[in-house]
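Side chains are part of it too, since the values below use all heavy atoms of this structure and drop only hydrogens, waters and symmetry mates. Note on naming: letters A, B, ... go to the chains in the order of the sequence lines (proteins, then strands), and numbering restarts at 1 for each one.
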Protein chains: 2
Amino acid sequence: MARAKTAKPYHHGELREALVSAGRKLLEEKGVRGFTLRECARRASVSHAAPAHHFASIDDLLAEIATRGYHELTAAMSAEARRSGSDPAARLVGQGVGYMAFAAANPVLFQLMFSREANRFEAPALAEAAKSAYHLHREAVEAVIPQASGEVKERMVDFAWAAVHGFITLVLEGQLGERDSSRALKARGLAALSAMVEAVVRAGGEP
Amino acid sequence: MARAKTAKPYHHGELREALVSAGRKLLEEKGVRGFTLRECARRASVSHAAPAHHFASIDDLLAEIATRGYHELTAAMSAEARRSGSDPAARLVGQGVGYMAFAAANPVLFQLMFSREANRFEAPALAEAAKSAYHLHREAVEAVIPQASGEVKERMVDFAWAAVHGFITLVLEGQLGERDSSRALKARGLAALSAMVEAVVRAGGEP
DNA sequence: CTTCTAATCTTTACACTGCCAAGTCTCGGC
DNA sequence: GCCGAGACTTGGCAGTGTAAAGATTAGAAG
């Protein structure tokens with residue numbers, strides 16, 4: 001029988017993408033505990049069992065969302081680093097700015113990415129995506145202290161990441177006093193980044 | 001009618017405590033998403049609706065668990081600081097050790113305490129408990145750099161906490177390479193703490 | 001163009017969840 | 001002894017994840 005043009009087709013066509021996109025919004029709105037497969041399906045205008053053909057389980061969808069988050073995070077970091085010129089220290093600060101901007105724009109996703117919930121469903125693609133972000137950071141730190149020993153470099157890579165990541169985590173959760181986390185990041189983020197880079201330079205320059 | 005001694009009494013007696021205790025274990029076992037009110041009730045050998053008389057909702061129970069987590073965290077920090085003697089720098093390192101030990105022993109709870117999920121609870125007692133941990137830390141940092149300006153102190157309080165917190169978060173999630181997070185914390189935790197204190201002392205000593 | 005297969009989506013079903021309402025039991029004060 | 005107030009249970013409802021089976025369609029094979 002002929003179907004009216006406005007009727008929705010039986011096959012969605014890009015359901016996988018639609019689910020990831022809807023899921024991401026839902027995640028930011030309701031948090032990890034409020035995240036629901038059926039609601040994702042609803043927002044994609046599809047039956048509640050449709051997602052099963054694209055994701056084995058709800059954790060599978062969350063893993064995919066987290067993986068894309070890492071890709072976006074990596075992109076944000078390297079884009080901001082590129083904008084910061086060629087000075088290694090400036091580039092490291094730039095990467096940090098990109099890191100913060102992503103976290104501020106996707107706070108719940110950011111926490112999911114760095115939570116046990118994410119790594120639990122062992123997804124190789126997720127681990128891979130996380131690793132590439134790590135390597136980007138490692139190179140940026142090592143470029144700032146090229147003359148330092150391997151041991152010191154190792155420590156400074158950890159230290160720099162920890163300082164930035166910890167700062168963001170605490171701000172996002174409102175632990176550092178400020179109510180508006182986005183404003184707080186802008187206001188104090190650069191100071192935190194500067195302190196971090198300064199500490200790295202000092203530790204790396206004087207053995 | 002007379003009841004055998006072995007039969008369980010109709011009134012539990014300490015159900016609230018039992019639920020908190022069971023819930024805490026369940027949380028570490030299954031994660032935030034696997035946490036279930038009915039399973040808590042089951043583990044306390046009680047009907048599924050019993051918890052309602054002690055906690056208004058599942059978030060209420062989670063908030064209570066998180067609140068106690070903060071109390072324990074504060075206790076662990078100050079106990080370890082006390083063990084570290086009177087030198088401010090040593091005490092600050094000690095507090096960090098206590099912080100790390102708590103996080104390593106209760107990784108899921110730790111993440112819950114510092115997650116956006118916890119902010120949705122809107123529990124005054126939770127906020128209060130978090131604040132007291134913050135003040136403990138603030139005092140320890142300020143004691144290391146008593147001559148610094150208020151502005152610098154402020155920044156270093158944030159910086160020190162961020163560095164420690166970030167380090168733990170990354171280790172717990174396995175981002176820093178190591179598989180065994182407990183081992184990684186012991187192996188590299190002290191180095192991270194030393195780097196942090198050193199940076200604070202330098203920034204506070206030279207205006 | 002027809003046919004057939006595989007992929008996509010829907011319907012139905014089941015065990016589970018949080019929470020609400022209405023009962024049952026037991027303790028503590030009168 | 002009684003009786004009210006809590007503490008707890010049973011039963012029920014809407015919502016969840018996911019498994020099974022049927023409906024629909026796209027796209028290849030003929």
Would you call the rings of B:F114 and B:F110 parallel, tilted or perpendicular, taking 30° and 60° as the class edges? tilted
Can you measure B:H53 atom NE2 to D:dT10 atom C1' for me and round it to whole angstrom units? 11 Å
Which residue pairs pass the side-chain hydrogen bond (donor to acceptor under 3.5 Å, both in side chains) test with at least one member in residues 111-129 of chain B, sequence neighbours excluded? none
Can you say whether the rings of A:F159 and B:F159 are parallel (under 30°), tilted (30 to 60°) or perpendicular (over 60°)? perpendicular
How about B:Y99 and B:W161: does a side-chain donor come under 3.5 Å of a side-chain acceptor? yes
Does OP1 or OP2 of D:dG6 have a side-chain N or O of B:H54 closer than 4.0 Å? no
B:R91 side chain to B:G85 main-chain N or O, any donor-acceptor pair under 3.5 Å? yes
Mind checking the OG1-NE2 spacing from A:T169 to B:H165? Nearest 0.5 Å is all I need. 5.0 Å
Going 5' to 3' through nucleotides 15-20 of chain D and flagging B where a protein heavy-atom sits under 4.0 Å of the base, S where only the sugar-phosphate is that close, and - otherwise, we get -BBBB-
Using whole Å, report how far CD of B:E14 lies from P of D:dA7. 13 Å
Rounded to the nearest angstrom, tell me the gap between atom CD in A:E17 and atom C1' in C:dT8. 16 Å
Could you give the CG-to-C1' distance, from B:L61 to C:dG18, as a whole number of Å? 13 Å
